Amino acid sequence: MKFRPLRSAPHPASGTAEVAAPPETMRAVVFDAPGGPEALHEATLPVPAPVMSELLVRVVAAGTNPIDAKTRGGRGVFGAIDRHPSTLGFDFSGVVVSSPHEAHPLPPGTEVFGMVPFPRSGGSYAEYVVVPSLSVARKPAALSHVEAAGVPLAALTAWGLVVETAHAHEGQRVLIHAGSGGVGHFAVQLAAYFGAHVTATGSDRNLPWLRELGAAVVIDYATTRFEDVVGEVDVVIDLVGNAHDDTGSRSLSVLRRGGLYIMVPTGAWPGYAEAADAAGVRATSYKVVPDGGVLSTLARLLDSGAVQVYVDRVFDLTEAAEAHAELERGHSRGKIVLRVGDA
Ligand SMILES: NC(=O)c1ccc[n+]([C@@H]2O[C@H](COP(=O)([O-])OP(=O)(O)OC[C@H]3O[C@@H](n4cnc5c(N)ncnc54)[C@H](OP(=O)(O)O)[C@@H]3O)[C@@H](O)[C@H]2O)c1
C-alpha cells in the first residue's frame with residue numbers, strides 16, 4: 001500500500017505536486033581555476049545522487065553572495081575545493097525531487113529554500129542540488145522562488161549576528177555598517193523588529209530606504225565620518241571591516257566600554273581582537289550556520305511581512321559572469337539572484 005501522510009490537508013505555507021523523475025545530466029555554471037568573472041562557464045554535469053537523509057532539489061533560482069566571487073577568485077572557501085570543474089553557490093530555492101523516505105516532512109513536490117553545503121558538495125549554480133534535510137525549510141508562500149533564493153545565507157547571517165550574537169533587545173543601541181547590502185538589509189530589519197535602536201551606514205541613495213527598513217539614524221559613509229555623529233553604541237555589526245578603509249578601527253571608538261564589536265567579512269581585519277582588547281570592548285568574528293530551523297522562523301517573518309527581502313538584479317544562469325561583476329562592484333541594494341529553471 002502506498003504511504004499516505006497523516007496530515008491529509010496540504011501544508012498551508014507551501015504546495016506540493018507530482019514531480020518528474022530527474023534526467024541523468026544537468027546544466028551548471030562552473031569554473032576550472034581561480035580567475036575573474038570570465039572564469040565562469042557553462043557545463044553539462046551528472047545530476048547528483050542523494051544519500052541517507054539528503055534531499056534532491058530541482059533549482060528554480062540561485063542566490064549569489066560575495067563569498068561566491070571571492071571563492072571564484074581564489075579566496076573565500078577556494079582552499080576547501082577538492083575537485084574541478086567546481087560549481088559555486090550556496091543559496092537556492094526550488095522543488096524537492098526526492099526525499100529520504102516516504103514519511104519525510106518535505107515530500108517530493110514541496111517548494112523549499114536553503115543552503116547547499118558547498119564546497120563539500122556541488123553548489124547551487126546548477127539545475128539540481130543535493131542538500132542535507134536540516135539545511136532546508138519550506139519556501140515562504142508569499143515569496144517567488146527568485147525572492148526566496150535571495151534569503152538563506154544573508155538572512156541566516158543576519159539572524160546569527162542580531163539575535164544569537166548581539167541578543168538584540170529593546171533600548172539596545174546597534175550600529176550596522178553596510179545596512180543596504182544583502183546581509184545588512186536583513187540585519188537592520190531584524191534588529192528593529194526586536195526593539196533595538198538602529199543606526200545604519202550606507203550611501204546617499206539608500207538612506208531613505210534604510211529608514212523604511214527600520215533604521216532610526218542613517219549615515220552617508222561617503223560624506224560623514226560616522227564616529228563624529230553616532231554617539232555611544234552597545235554593538236557594532238561590521239559588514240565592511242578594514243579591507244578597504246579603516247571602518248573597523250573607527251568602530252571601536254563609538255562602542256561603550258564592554259560593548260561588542262562583530263567583525264563579519266572573514267579576513268577583512270586580522271588584528272581586530274587585539275585592537276578591541278586594547279580599546280576595552282569585546283569582539284568576535286562570525287560564521288553563518290545553515291540552520292533549517294532558523295530558516296523556518298525567517299520564512300514565517302517573511303510570510304507575515306515583518307521582514308522583507310529586496311532583490312536588486314536578476315540574471316539568467318548563463319549570465320553568472322555578469323552577476324559576479326555586479327557583485328564585485330560592491331554596491332548592490334539587497335540581493336543579486338540567478339534564474340535557473342521554471343517554477
Ligand atoms: N562570515 C560570514 O558568515 C559571512 C556571511 C555573509 C556575508 N559575509 C561577508 O560580509 C560582507 C557583506 O556581505 P553582503 O552580502 O551584505 O555584501 P553586499 O550585499 O555585496 O554589500 C553591498 C553593500 O555594501 C555597502 N557598502 C559598501 N561599502 C560600504 C562602506 N564603506 N560603508 C557602508 N556600506 C558600504 C553598499 O552600499 P552602497 O551601495 O550604498 O555603497 C552595498 O549596499 C561581505 O564581505 C561578505 O563576504 C560574511
Side-chain angles (χ1 to χ4, degrees), residues 63-73 75-78 88-91 115 117-118 149-162 164-165 175-190 198-211 213 215 217-227 229-230 236-251 254 262-270 272 283-291 294 309-313 323-337:
T64 69
N65 290 284
I67 193 169
D68 301 352
K70 292 176 189 175
T71 302
R72 187 217 65 230
R75 300 180 296 129
V77 293
F78 181 81
L88 290 165
F90 285 94
D91 288 343
M115 276 181 70
F118 175 82
V151 172
L153 189 148
L156 285 167
T157 302
W159 182 276
L161 296 169
V162 170
E164 294 168 357
T165 309
L175 168 62
I176 300 174
H177 290 306
S180 51
V183 176
H185 85 298
F186 288 121
V188 168
Q189 293 178 80
L190 288 171
V198 179
T199 300
T201 62
S203 64
D204 183 50
R205 72 184 181 104
N206 285 319
L207 301 188
W209 181 60
L210 285 168
R211 280 192 194 283
L213 295 180
V217 179
V218 293
I219 300 171
D220 178 355
Y221 69 86
T223 58
T224 307
R225 288 176 75 82
F226 61 85
E227 66 272 30
V229 294
V230 81
V236 175
I237 294 177
D238 186 0
L239 296 160
V240 176
N242 268 3
H244 304 295
D245 59 17
D246 55 356
T247 297
S249 300
R250 289 188 286 130
S251 295
V254 302
I262 313 176
M263 219 288 293
V264 189
T266 304
W269 184 14
Y272 73 92
T284 182
S285 58
Y286 177 79
K287 301 281 180 300
V288 64
V289 181
D291 185 327
V294 173
V309 55
Y310 185 89
V311 176
D312 196 2
R313 303 273 313 264
H324 270 217
E326 182 70 22
L327 199 57
E328 286 180 303
R329 279 190 272 276
H331 295 290
S332 45
R333 176 190 281 191
K335 298 296 301 181
I336 298 171
V337 174

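Everything numeric here is computed off the predicted structure, so don't read it as measured data. For the single chain, residues carry numbers from 1 onward in sequence order. Reckoned from all heavy atoms, side chains included, excluding hydrogens, waters and symmetry mates. When a ligand or atom number is given, it counts from 1 through the structure's own listing order.
- Considering backbone and side-chain N/O of Asn65, none are found under 3.5 Å from N/O of ligand 1.
- The backbone N or O of Val294 lies less than 3.5 Å from a partner atom in the side chain of Asp291, making a donor-acceptor pair.
- Looking at Ser332, its side chain never comes within 3.5 Å of a backbone N or O of Leu327 through a donor-acceptor pair.
- Side-chain polar atoms of Thr247 and Asp238 form no donor-acceptor pair below 3.5 angstrom.
- Which parts of ligand 1 touch Lys287 is read off a 4.0 Å heavy-atom cut-off, strictly below it: atoms 3 (O).
- Residue Leu239 places a heavy atom less than 4.0 Å from ligand 1.
- Looking at ligand 1, you won't find any N or O of Thr157 less than 3.5 Å from one of its N or O atoms.
- When each atom of ligand 1 is checked for a heavy atom of Asn206 under 4.0 Å away, the hits are 38 (P), 39 (O), 40 (O).
- Given atom 1 (N) of ligand 1, the protein heavy atom at minimum distance is Tyr286 O, 2.8 Å.
- The heavy atom nearest to atom 25 (C) of ligand 1, out of those in Ala178, Ala243, Ala158, is found in Ala178.
- Every N/O-N/O distance between Pro265 and ligand 1 stays at or above 3.5 Å.
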Does the pair Thr64 and Lys335 meet the rule for a side chain to side chain contact (heavy atoms under 4.5 Å, CB included), with working shown?
-> CA-CA 7 Å; Thr64 69; Lys335 298 296 301 181; 5.7 Å; no

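- A cation-pi contact links Arg333 to Tyr310, judged by a cut-off of 6.0 Å to the six-membered ring centre and 45° from its axis.
- Between the side chain of Asn242 and the backbone N or O of Gly248 there is at least one donor-acceptor pair closer than 3.5 Å.
- From the protein, the heavy atom lying nearest to atom 36 (C) of ligand 1 is Gly330 O, 3.4 Å.
- Considering backbone and side-chain N/O of His177, none are found under 3.5 Å from N/O of ligand 1.
- Using a 4.0 Å heavy-atom cutoff, His244 is absent from the residues neighbouring ligand 1.
- For atom 19 (O) of ligand 1, the closest non-hydrogen atom of the protein is Gly182 N, 2.8 Å.
- Contacts between Lys70 and ligand 1 below 4.0 angstrom, taking non-hydrogen atoms only, involve the side chain exclusively.
- Here the protein heavy atom with the shortest distance to atom 15 (O) of ligand 1 is Pro66 CD, 3.2 Å.
- Atom 23 (C) of ligand 1 has its closest protein heavy atom at Gly181 CA, 3.5 Å.
- Here the heavy atom of the protein found nearest to atom 29 (C) of ligand 1 is Tyr221 CZ, 3.6 Å.
- Only the side chain of Thr266 comes within 4.0 Å of ligand 1, judged by heavy-atom distances.
- In plain terms, the two heavy atoms of Ala158 and Ala187 that are nearest each other are CB-N, 3.5 Å.
- Atoms of ligand 1 found under 4.0 Å from any heavy atom of His331 (numbered from 1 in listed order, with element): 38 (P), 39 (O), 41 (O), 42 (C).
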Side chain to side chain contact (heavy atoms under 4.5 Å, CB included) between Asp91 and Asn65: does it pass, once the steps are laid out?
-> CA-CA 8 Å; Asp91 288 343; Asn65 290 284; 3.0 Å; yes

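- Two residues are said to be in side-chain contact when any heavy atoms from C-beta on lie closer than 4.5 Å; Ile237 and Leu175 fail this criterion.
- Judged by distance alone, the side chain of Thr165 and the main-chain N or O of Gly160 form a donor-acceptor pair under 3.5 Å.
- Looking at Ser203 next to ligand 1, an N or O pair under 3.5 Å apart turns up.
- Contact annotation for Val183 and ligand 1: heavy atoms of both the backbone and the side chain come within less than 4.0 Å of the ligand.
- Side chain to side chain, Thr71 and Asp68 fail the donor-acceptor criterion of an N or O pair below 3.5 Å.
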Would you check, one step at a time, whether the test side chain to side chain contact (heavy atoms under 4.5 Å, CB included) holds for Val162 with Val188?
-> CA-CA 9 Å; Val162 170; Val188 168; over 6 Å; no

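- For ligand 1, the polar-atom distance check finds an N/O of Ser332 within less than 3.5 Å of one of the ligand's N/O atoms.
- Only the side chain of Leu153 comes within 4.0 Å of ligand 1, judged by heavy-atom distances.
- Counting atoms of ligand 1 from 1 in the listed order, those under 4.0 Å from a heavy atom of Thr201 are 33 (C).
- Using cut-offs of 30° and 60° on the angle between ring planes, the pair Trp209 and His185 is parallel.
- Among protein heavy atoms, the minimum distance from atom 8 (N) of ligand 1 is reached at Val264 CG1, 4.0 Å.
- The shortest distance between side-chain heavy atoms of Ile176 and Leu161 does not fall below 4.5 Å.
- The shortest contact between atom 37 (O) of ligand 1 and any protein heavy atom is with Ser180 OG, 3.2 Å.
- Between Ala154 and ligand 1 there is no heavy-atom distance shorter than 4.0 Å.
- The aromatic ring centroids of His177 and Phe226 lie less than 6.0 Å from each other.
- Side-chain contact between Asp204 and Thr223 is absent, with no heavy atoms from C-beta onward closer than 4.5 Å.
- Contacts with ligand 1 closer than 4.0 Å are made by side-chain heavy atoms of Arg205 only, the backbone lying farther away.
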